[in-house]
Amino acid sequence: MSSRKPVPLTPEEIQKMRTVCQMAARVLNHTGKFVREGITTNELDLIADDFTKSIGGTSACIGYHGYPKATCISVNDVVCHGLPSEYKIKTGDILNIDVTVKKDGFYGDNSKTFACGVISPLATDLVDTAFKAMMIGIEAITPNGYTGDIGFETNKFVTRKGYTTVKEIGGHGIGKIFHGDPFVPAFGKRGRGERIIPWTCFTVEPMVNEGVDSFDEFDIPNSSVKYYRTTDRKLSAQFEHTVLITDTGYEILTIE
Ligand code: MF3
Ligand code: CO
Ligand code: CO
């Protein structure tokens with residue numbers, strides 16, 4: 001029986017996580033190079049899927065709870081799980097591309113928010129804040145600490161900038177399963193939440209909204225996965241890394 005509970009990985013399993021996470025980072029960076037005015041999100045999705053196959057991986061999102069695409073591409077007010085479509089990216093758009101690769105039974109998950117051409121000063125600041133929010137969250141990791149330590153620092157930073165964090169969706173345990181425990185919130189209290197266990201992996205993926213933290217839910221045909229848009233239709237930005245918890249700290253795995 002497979003459990004959602006995090007179990008410390010063996011050295012061999014850690015090596016597999018390093019490999020798949022590096023692949024996920026390569027796919028994300030490769031795909032991001034094609035962001036330009038006029039490209040459709042379906043075209044970006046195909047680029048990601050083709051490159052994933054070319055390096056010997058599979059796109060984990062395809063068929064996940066009926067999800068039909070290789071990536072999630074969330075444009076402007078889409079918070080996450082944006083479904084690639086015939087939408088043409090235009091100058092001034094921000095778009096999060098979220099790539100999860102599977103290889104040798106392990107998952108690597110990462111995302112970045114890209115800009116198409118020149119974007120507004122506000123969008124620039126929001127994207128910059130989302131990146132820093134992720135890094136500040138990662139830096140708050142201590143082995144045998146708590147997920148609330150991560151969320152506390154993330155939310156403090158974001159709210160001081162005048163933005164909000166999404167509360168209901170967040171990071172997750174990852175390894176032999178795509179989504180497991182712990183839940184890694186972008187808000188919280190120090191010393192609360194779930195224990196951070198050495199030699200396990202999870203993602204840190206705060207969603208940062210320009211306006212309100214609430215969102216509306218939308219169906220994806222033939223899938224139980226939903227996508228979300230900010231209630232006020234203002235911008236949302238996100239970055240995601242998969243990290244390995246060590247006995248002395250952490251290692252960011254989704255780096256080329
Ligand atoms: N990669 C997303 C995450 O960060 C999950 C996407 S699941 C999908 O957890 F089905 F929508 F692709
Ligand atoms: Co994730
Ligand atoms: Co992801």
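Just so you know, ligand 1 is whichever comes first in the structure, and atom 1 is the first atom listed for that ligand. All values below were derived from every heavy atom in this structure, side-chain atoms included, with hydrogens, water molecules and symmetry-related copies excluded.
- Looking at H172 and the Co ion (ligand 2) together, the shortest N, O or S contact belongs to NE2.
- In this structure, C116 and E37 approach most closely via the heavy-atom pair SG-N, 3.3 Å.
- Two rings, from F218 and H81, have their centers 6.0 Å or more apart.
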Notebook entry, point to check: Between H241 and D109, is a side-chain hydrogen bond (donor to acceptor under 3.5 Å, both in side chains) present by the stated rule, with each step listed?
Noted result: CA-CA 7 Å; H241 270 312; D109 188 4; over 6 Å; no
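- Donor-acceptor pairing under 3.5 Å is recorded for the side chains of T165 and N155.
- Residue contacts with ligand 1 for K69 are absent, since no atom lies close enough (heavy atoms, distance under 4.0 Å).
- Between the side chains of H65 and S223, no donor N or O sits under 3.5 Å from an acceptor N or O.
- The atom of E205 that is an N, O or S and sits closest to the Co ion (ligand 2) is OE2.
- Per residue E240, closest N, O or S atom to the Co ion (ligand 2): atom name OE2.
- Close approach of ligand 1 to H172 (heavy-atom distance below 4.0 Å) involves ligand atoms 3 (C), 4 (O), 9 (O).
- The proximity of S223 to ligand 1, defined as any non-hydrogen pair under 4.0 Å, does not occur for either the backbone or the side chain.
- Between F239 and F131, the angle of the ring planes goes over 60°, which puts this pair in the perpendicular group of the 30/60° scheme.
- Contact annotation for H65 and ligand 1: no heavy atom of the residue comes within less than 4.0 Å of the ligand.
- Atom OD2 is the N/O/S atom of D109 found closest to the Co ion (ligand 2).
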